Structure formats: structure tokens, C-alpha cells
Amino acid sequence: MRAVFGVLGPVSAWDDAGEPIALKGPRHRAVLARLIVARRRVVPVGHLVDDLWEEPPAGAVSAVRTFVAALRRALEPERPPRAPARLLVTEGPGYALRAEPDAVDAWRFERAVTVAATLPPADALVRLDEALGWWRGPGFAEFAEAPWARAERARLAELRLHAVERRAGARLALGLAAEAVPDLDAHVTEHPWREDAWRLLALALYRTGRQGDALAVLRRARALLVEQLGVDPGPGLRRLEADVLDQAAHLDAAHSDIAHSDAAGPDAQRPSGTAPDPASEVRPAPGLDAPDLGPDPVPGPGPAGAAARVWARAAADYDRAVYAGARARLESTVGLLRSLALTGGEGLEAARAHRVAAVAAAEELGDPELTARVIGAYDVPAIWTRADDPEQAARIVAAAERTLAALPAPGHAAARARLLATIALETRGTRSPTDPPEAADLATLAAATSPGIGSRPGPDPASGPVPASPVRAPAAAGPQGAALQSADPQAAASPGPEPRARRAAREAEEIARRLDDPALLVFALGGRFMQCFERAGLAPDRDAIGAELVALSARHGLVAYEVLGHLIRVQARSALADFATADRHAAAVDDLADRHELPLVGVFTQWYRALRLVATGHPTGPEAEAAYRAAAARLDGAGMPGLERGLLPLALLCLRLSHEDRGAGLPVTPTAERGADPGADPDTDWGPYAPWVRPLFLLAGGRRAEAATALRAAPPPPRDLLYEALWCLIGRAAVGVGDRAVIRLARSQLLPAKAELAGAGSGLLTLGPVARHLATLDAALAEPTDS
């Protein structure tokens, strides 16, 4: 019996009658697939064991031998007992699959694509249609996550895309432009960075009489490349655009000899998988670049014009010298994205989106070292502890984890450190999927951290006074307050293993210090800052991180991280009520931002000055509110939804609470232009802060039972820059509903920060001294219960 194997989709096998061969379980198929990847070469048993299991069991070698024996019985059922196998053979230290060259669909596909490049268009079209029909899904479909399959999957995926474009070129050469359009349109939508696909689509549209659509496609390709990657279209696209505008005769399908070479592209006769020689590329004649599609990309005289001309010429030379499929383009792209992110606004949003695409493209190539460089090169500093796009952040973290696992060991220390720092930086305000789960709500956390509390009934919503507003504070601490100060401040701390992201930050820093690499160390310190929120009261620790970042970055010219260090110190010194020092760091930030064109930085310094005004200036209500509204206006279009959403309402609520705690009212007179004050309106979009604000507004409306339920259902606050502020809101609500378990919980969480200003560590807002909130909680606990 002759066996035929399929890997262009799920791994399968058929006999010579076309009937499926039963391959048993996933491990059997994995062994077969791994041997197919080896292309008739021997794979040692030890390699098979390592490839099949992350942590091989004790009997792994015996299990592999069992899998091989079962595969032999399935593939050669008529082989006599004890007769040597002829297909899946034992050789030296391992096994090899001696399949014929045409017995594996992937091998046949590769040969068909190579042969098609040498055939006339009609024959090439038949061959490519047949070959593309062999695909039943992604290559090695069920082994997408297997490190040993990545390189082969990526190679086959690239070969398939190449074949789709070859087939389109053959159709154009045969005058079948209309047939080529639908497939090409879908192709560029799915793979927008393939310039030759855009060129083929535009040419097909032109040849069907749709000149306007052809130009629109070329402009769309230009917009994607320029606006999202910062590079101009390559010579092929530019040349075609000029020819379409000129209605050049050689674009007519009647010129079949020219049409064939033009449709197939400059690499038409290049063997699959090889790079073009940049020197052999056809260059446009001087003065024949693509016509202008908007404002002059090269301004006139002056420094700005000179800079733009240098950029345009360097980009054009790079585009000509580095062919479209070169891996170097991915690394260059990430460098551009890093610069793009620092521009803020649309640039930051675009950089985030294209970063994910760049990482995915690198992974498809199956080269973990390249992927590590692509992931680690995006070392953009971050100051806010809530991700702007949690889904994208999770995808980056997952890719970094996969790449860490795939990197050859030992070695690659710097690459590992950058991957670890990326994990620490992107896992902000969240937990890794590998970490133990936290309590789902305050009720569960209170029960877990307060012995005996979990069995008690909740507070009686019908008893006790109901505050008239969510900003009224109970009386000062009673005589028992001092005794309560001796309670364990870590009573509610989460026991258990160190979270993955915190461990990653620590390991990245250790490697960077060992390598004595300043650029790597500042990246690692940025990750450690993002994970320095495991409990309240860590402003001094973060201040030390900021001080080291400032000193190290200034010494080595690392401007973006020097700015980060100053901003961290602004936050930390604000938490410690040291506004004189915070002022100096805010001024340094503004100076660096002006000199180095960093527009996002001003968002944080303006918010800081609103905070400082509220914390030290005792402004009137309208004055303080105006300062916060002006700061919030800077967020519009800044590209930071993780910071923007719900922040202004939270700041205004904190403003009201702080004023009433000091015994001062904060009247609000809504205007027709701005509507109701979000600091007092329960219908406001509170964004991620809603769970901790809602109980206060329910109390304000006299709905004490609902407030008690909402409080206990609220999740524990994320460990981030607003950790203390949110626990203060929880404490206020707990006092209002008389929930002593949650009062104790809030107190235990806040006690380590008793010397700080609640929320001021964010550099954005404050609820006043934590000590004042602790006094309120102590007073509530000192009061006797109804029982």
C-alpha cells in the first residue's frame, strides 16, 4: 500500500485508493507531522520527546516508540511481522519518514509553484489553480502553537500567498482581468502589506475599464504605507500609478508579452523563497516618480524642508535597497512605530495596532530570535497603569511568552530581558492567566481575610442613618482608634506565589544589571515601576525607581526614559505631599518635552498642576473644577482611552468629597453648555471606576440596601496608581452601610499608606490624607454594633 500525506490543513493520510488512514490520537499525528517537517531526515528520539511534551513524563521515550509502532501498523498494514519498515524507518538515534517527493501535499505544492514560474501563462494558471486547490486549511493546522512547526507553517503560508499572486498575474496575462479582481480584492484586505498584490489589483481594475477604481486602490495602498508604516510605496506601485494616469499603452492587455512580465512582477523568474537582487530592480527614471496626491511631501527651503528631503530620500533608497519581503523591514517598522507612538494622538493608536500586526508577521516567519527583536524593540515608556487596549496588550504578552519559550537556550540574555520587561509593562492593572485567581468581589475577599466574618450575615440595610449625600463623612476617631492602629496592615494582602508579571519585571532587571546595558536597564525599570503596586504605600519605592531612571537616562541620553523618571517622581512626591520637589520634576518634564517634541507629556503635567492647586491652593469650587476640565480637554484625541475614560468625573467627585471632608461645600451650578456636573450625576459615564462609585450614589439616593449589595459585589480595585483612592471610596461606602467586614478590609489595605495623600500618587487627583480616611474607619469600628 502506498500512503499519501496531507499537511496543507489538518495532518492526514490516505491509502492508494484514496481512503483515509486512521492515525489514532493527537500524539500519533504529532509524531508523523514532525517527521514530515524533517523532510526525510532522521529525527532523534530525544528531539521527538522534547517536541511532544513541555515537561516529558518518565516514560516518554517508551511512549514515542509506542506511537511509532502504531503509525507503522497503520501506514504499512500488509508488512509481515518482524519485517523491516520501508516507510517509517528506524535509523541511528531516531526515526525518519521516507515518503516519496510526491507523497506529501506540501512538497508537491512547493514544486508546482516553482515549475509554474517557468511555464507559459495558460499552463501556469492550470498548474497554480490545481495546487491552490490542495489547501484544506492552514498548514499543520492542529499544531499552530507547536514551536517545531512554526517555521514550516510560516514558509508554507508565504509560498501560498506567492502562488495566489502568481495566479493573478497569469490571469492578467491571459486577458482574464475581471476574474482576477475578486480574489485580489480579498487578498489585499487580508494581507495589506503585500505591495505586489496592490499593484496586481490596480492593474486588473484598469484592464476592466475601471481606471478610477485603479487609482483609488493605489491611493489606498499609499495611505496605508505612509500613514501607518511611515514609508512610501515601492517603485512598482509608483511606476504603475504614473502609467495609469498617463494611460500608458503597455498597460493594455493586448501587449501580452509586456503584460505577462508586468503582471508577474519584477521577480517573475526568481525561484520561490529567494530574494531579488536590489541592483537588478527596474528603477524609475529621474523625474518620473509617482505624482503628488496631496500636500507637497518635501517642503521648500529651511530646516524643516531639509529634514523632510532627507527623510524622503532615505526612505526611497531604503525602499529600493531592501526588498519587500526582507525580515529587516519588520525590525525597521517597529523602530518607526516606536517613534510614531511618542507623537501621541492618532500616532499612538496607529502604533499600537501595527505593533500587533508586526509581531504576528514575525511569528508567522517562525524565527523566535527575530520575533524577540520585533517585540523587544518597542520599548515605549508608559506612565499610566491601565492599558489603553487590554485585548491588544494581552496578545502582545501571549506572543512574548511564546517567544520566550521558543528562544534557544542558553544565550539571548538581552532578548529575554526585553521580552520579560514587555510582559511586565503590558500586564498592568491585570493579572497573568497563569496567576492564581483573585477574589471576585469584596464580599469574598472580606470573608477570606477576616476570620469569622464570612459566616456573619451582611449589614442590616434597614438600620443606621442614611447619609444625605455620598460626600458626608462620619465623626472623627473615638478612643478605640489608637488600639485599632495595631491591626495587621497586611491582613488583606493576597498570599501565594509571586505574580507572573512582577516576577518577569524582577528577572528583566536582574539580567539588565548583569549585562550592564543602560538602554536595557531603563526598559526593565519601566517594567518594575508598572509592577510596583502590590500594596498601598509604595510611593517611596516608586520614587527610588524614578530617581534611578532620571540619573541613568540623563547620563546616557535616553530622553524618553528621562521623561518617564521625572513623571514617576512627580507622582511619588505628590503622594508624599512634597509638592516643591514635584514642581521641579514637572518643570524638567516640560523642558524635555519642548526640546524633543513630545506632545503627550503636557497632558500629565497639566493634570498635575490641577492636582497641586486642589491639594495646596484651597481654590474655590469653580476654580478647581475649571482646572480639571482644562486638563481633561488635553486628553481629547491624545490616544489614551485607558487614562481618559471616567477620569474627569472621578476627579470632580474626589474634589467634592475632599471639600466636604474639610467642612466646605462645593456648590455646582450646571450650565446649559456642559450639562450636569459629572461629580454629582449618577448617570455619568464613570468608565472603569463605576463599581466603586455606584454604592455612594445609591446611598445618596437613600437606597441603603442596594448600596450594601453593590458594595459587596464590587471587585477589589486593581493594583495601580488609583489603588488608595478607590479603597478610600470603598471605605466611605462601607461606613455608610455599616459593613464592618469591608470597613476592616479597607482599613487593612490603606494602613501602609497612612503617611500619603490618597490618589495623589496618580499625579492627577486626590481624596486628601489617607490618615483622615483611616480615622473615619477607626471611628466606625469603635462604635458598638446593634447586637
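Please read all numbers here as calculations on a predicted model, not as lab measurements.
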So do the side chains of L765 and L722 get within less than 4.5 Å of each other, counting heavy atoms only? yes
Can you tell me if R503 uses its side chain to pair, donor with acceptor, with the backbone of E498 under 3.5 Å? yes
For the student: nearest non-hydrogen atoms of A501 and I423, plus distance: CB-O, 4.3 Å
With rounding to the nearest 0.5 Å, note down the distance linking OH in Y561 to CG in L521. 10.5 Å
If you define the side chain from C-beta out and look only at heavy atoms, does anything of V603 sit under 4.5 Å from W384? no
Mark yes or no for whether W692, through its side chain, and P716, through its backbone, hold a donor-acceptor pair below 3.5 Å. no
A side-chain contact here means heavy atoms from C-beta on lying under 4.5 Å apart; do R732 and V735 qualify? no
Of all residues at least two apart in sequence or in a different chain, which pass the salt bridge (Lys or Arg N to Asp or Glu O under 4.0 Å) check with R595? D591
Are any of the side-chain heavy atoms of L764 and L643 separated by less than 4.5 Å? yes
Got R514 and I511 here, is their nearest side-chain heavy-atom distance under 4.5 Å? yes
Side-chain (R502) to main-chain (E534) donor-acceptor, under 3.5 angstrom: no
Do T422 and V359 make a side-chain contact, defined as non-hydrogen atoms from C-beta onward lying under 4.5 Å apart? no
Would you call E509-R513 a salt bridge at under 4.0 Å N-O? yes
Does L653 form a side-chain contact (heavy atoms from CB on, under 4.5 Å) with Y689? I'd like the steps, not just the answer. CA-CA 11 Å; L653 175 62; Y689 312 112; over 6 Å; no
Just wondering, more than 12 heavy atoms not from R694 lying within 6.0 Å of its CZ? no
Within the distance-only criterion (no hydrogens, no angle test), does the side chain of T605 pair as donor or acceptor with the backbone N or O of G602 below 3.5 angstrom? yes
Any R555 side-chain heavy atom under 4.5 Å of P518 side chain: no
Does this structure show an ion pair linking R573 with D543, if we count only N-O contacts that are shorter than 4.0 Å? yes
Does any part of the side chain of V334, heavy atoms only, come nearer than 4.5 Å to the side chain of R355, both counted from C-beta? no
